Amino acid sequence: MVFSEKQEALVKDSWEVMKQNIPEFSLRFFTLILEIAPAAKNLFSFLKDTDEIPQNNPKLKTHAVKVFKMTCESAIQLREKGEVVVSETTLKYLGSVHLQKGVIDPHFEVVKEALLRTVREAAGEKWNEEMKGAWGEAYDQLATAIKAEMKAHS
Ligand code: HEM
Ligand code: ISQ
């Protein structure tokens with residue numbers, strides 16, 4: 001798939017906006033994941049002893065930011081090389097974390113939906129189908145790499 005400079009810019013620019021308010025958007029992202037799939041609650045260590053989503057959990061924030069940053073990196077790579085290459089070390093690590101936590105393929109669609117909704121809310125009037133497509137494609141490629149790594153070790 002050809003990924004244009006325009007698509008890369010759409011992803012980068014919306015991420016720049018979200019960066020202005022990391023606490024809000026990371027929390028929103030996580031809240032949406034649990035709204036779409038309440039059962040996923042049990043996978044996350046930060047929810048172990050509580051029914052409420054922690055409002056200011058550093059781990060939640062850092063992990064959420066990593067998902068956005070990595071998706072943004074994917075968009076850059078798609079434009080530059082036409083494919084997403086995740087470093088071997090990162091892929092091995094993320095593959096084993098997600099496998100060990102019990103993440104399964106359908107969960108990736110849940111996280112995708114939550115990610116797209118978060119970007120939509122952040123982008124406001126700037127949101128459009130092209131932006132959705134660009135984020136969606138960048139995420140899918142990243143998810144495919146992680147899922148393949150998980151399969152290789154399951
Ligand atoms: C942990 C990224 C998809 C559930 C993490 C971490 C990162 C990450 C960076 C932190 C690893 C660490 O330092 O310990 C991603 C990316 C994804 C993705 C880039 C997709 C492209 C998913 C999906 C689920 C999921 C689909 C399932 C709902 C988890 C869980 C943890 C985790 C349960 C461990 C959190 C904890 O308890 O500490 N993920 N993730 N992730 N992820 Fe994901
Ligand atoms: C880990 N993996 C995927 C998505 C996440 C969102 C919030 C916190 C941690 C996450």
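Read the numbers this way: they start at 1 and go in the same order the structure lists the ligands and their atoms. The structure presented is a predicted model; accordingly, all values stated were derived computationally and were not measured.
- For ligand 1, the atoms closer than 4.0 angstrom to any heavy atom of V67 are 2 (C), 15 (C), 16 (C).
- You'll find the side chain of M70 reaches within 4.5 Å of the side chain of T90, heavy atoms only.
- The protein non-hydrogen atom at the shortest distance from atom 4 (C) of ligand 2 is V67 CG2, 3.7 Å.
- Heavy atoms only, all atoms of each residue included: A134 and F3 are closest at O-CZ, 3.6 Å.
- Less than 4.0 angstrom separates some heavy atom of L94 from each of these atoms of ligand 1: 7 (C), 8 (C), 9 (C).
- In the model, Q77 has no side-chain atom that pairs as donor or acceptor with a side-chain atom of E73 under 3.5 Å.
- Considering only non-hydrogen atoms, atom 10 (C) of ligand 2 lies nearest to F44 out of F44, F29, F68.
- Closest to atom 14 (O) of ligand 1 among all protein heavy atoms lies Y93 OH, 3.0 Å.
- Among protein heavy atoms, atom 23 (C) of ligand 1 sits closest to V111 CG2, 3.6 Å.
- Scanning all protein heavy atoms for the shortest distance to atom 34 (C) of ligand 1 gives K101 CE, 3.6 Å.
- Nearest non-hydrogen protein atom to atom 7 (C) of ligand 2 is F30 CD1, 3.5 Å.
- In this structure, the side chain of E24 does not engage the main chain of I22 through any donor-acceptor pair within 3.5 Å.
- Between F29 and I33, some side-chain heavy-atom pair lies under the 4.5 Å cut-off.
- Contacts with ligand 1 closer than 4.0 Å are made by no heavy atom of I33, backbone or side chain.
- Atom numbering of ligand 1 starts at 1 in the shown order; those under 4.0 Å from a heavy atom of K59 are 38 (O).
- Side-chain contact between E137 and S74 is absent, with no heavy-atom pair separated by less than 4.5 Å.
- For the pair I53/L27, a side-chain contact is recorded, criterion being any heavy-atom separation below 4.5 Å from C-beta on.
- In this structure, atom 21 (C) of ligand 1 lies nearest to the protein heavy atom Y139 CE1, 3.5 Å.
- Looking at E113, its side chain never comes within 3.5 Å of a backbone N or O of V110 through a donor-acceptor pair.
- Distances shorter than 4.0 angstrom occur between a heavy atom of I146 and an atom of ligand 1.
- Only the side chain of V103 comes within contact range of ligand 1, with a heavy atom under 4.0 Å; no backbone atom does.
- A salt bridge does not link E121 with R117: none of the charged nitrogens is closer than 4.0 Å to a carboxylate oxygen.
- Atoms of ligand 1 found under 4.0 Å from any heavy atom of K66, numbered from 1 in the order shown, are 9 (C).
- In summary, the aromatic rings of F30 and F44 are positioned with their centroids under 6.0 Å apart.
- Closest protein heavy atom to atom 33 (C) of ligand 1: L43 O, 3.3 Å.
- A pairwise comparison of heavy atoms in T118 and M18 identifies CG2-CE, 3.9 Å as the closest pair.
- Remark: ligand 2 atoms within the under-4.0 Å shell around heavy atoms of I33 are 4 (C), 6 (C).
- Remark: ligand 1 atoms within the under-4.0 Å shell around heavy atoms of L142 are 19 (C), 21 (C).
- The protein heavy atom nearest to atom 9 (C) of ligand 2 is H63 CB, 3.3 Å.
- Regarding atom 30 (C) of ligand 1, its nearest protein heavy-atom neighbour is F44 CE2, 3.5 Å.
- Under the 4.5 Å side-chain criterion, counting only non-hydrogen atoms from C-beta, L34 is in contact with L47.
- Of the listed options S96, A64, S45, S45 places a heavy atom closest to atom 37 (O) of ligand 1.
- With a 4.0 Å heavy-atom cut-off, ligand 1 is reached by the backbone of H107 and by its side chain too.
- Relative to atom 41 (N) of ligand 1, the option among K41, H63, H98, Q141 with the closest non-hydrogen atom is H98.
- R28 is listed as a side-chain neighbour of L32, based on a closest heavy-atom distance under 4.5 Å.
- For ligand 2 and L60, the ligand atoms under 4.0 Å from any heavy atom of the residue are 8 (C).
- Relative ring orientation between H98 and F108 is described as tilted, the plane-to-plane angle lying within the 30° to 60° band.
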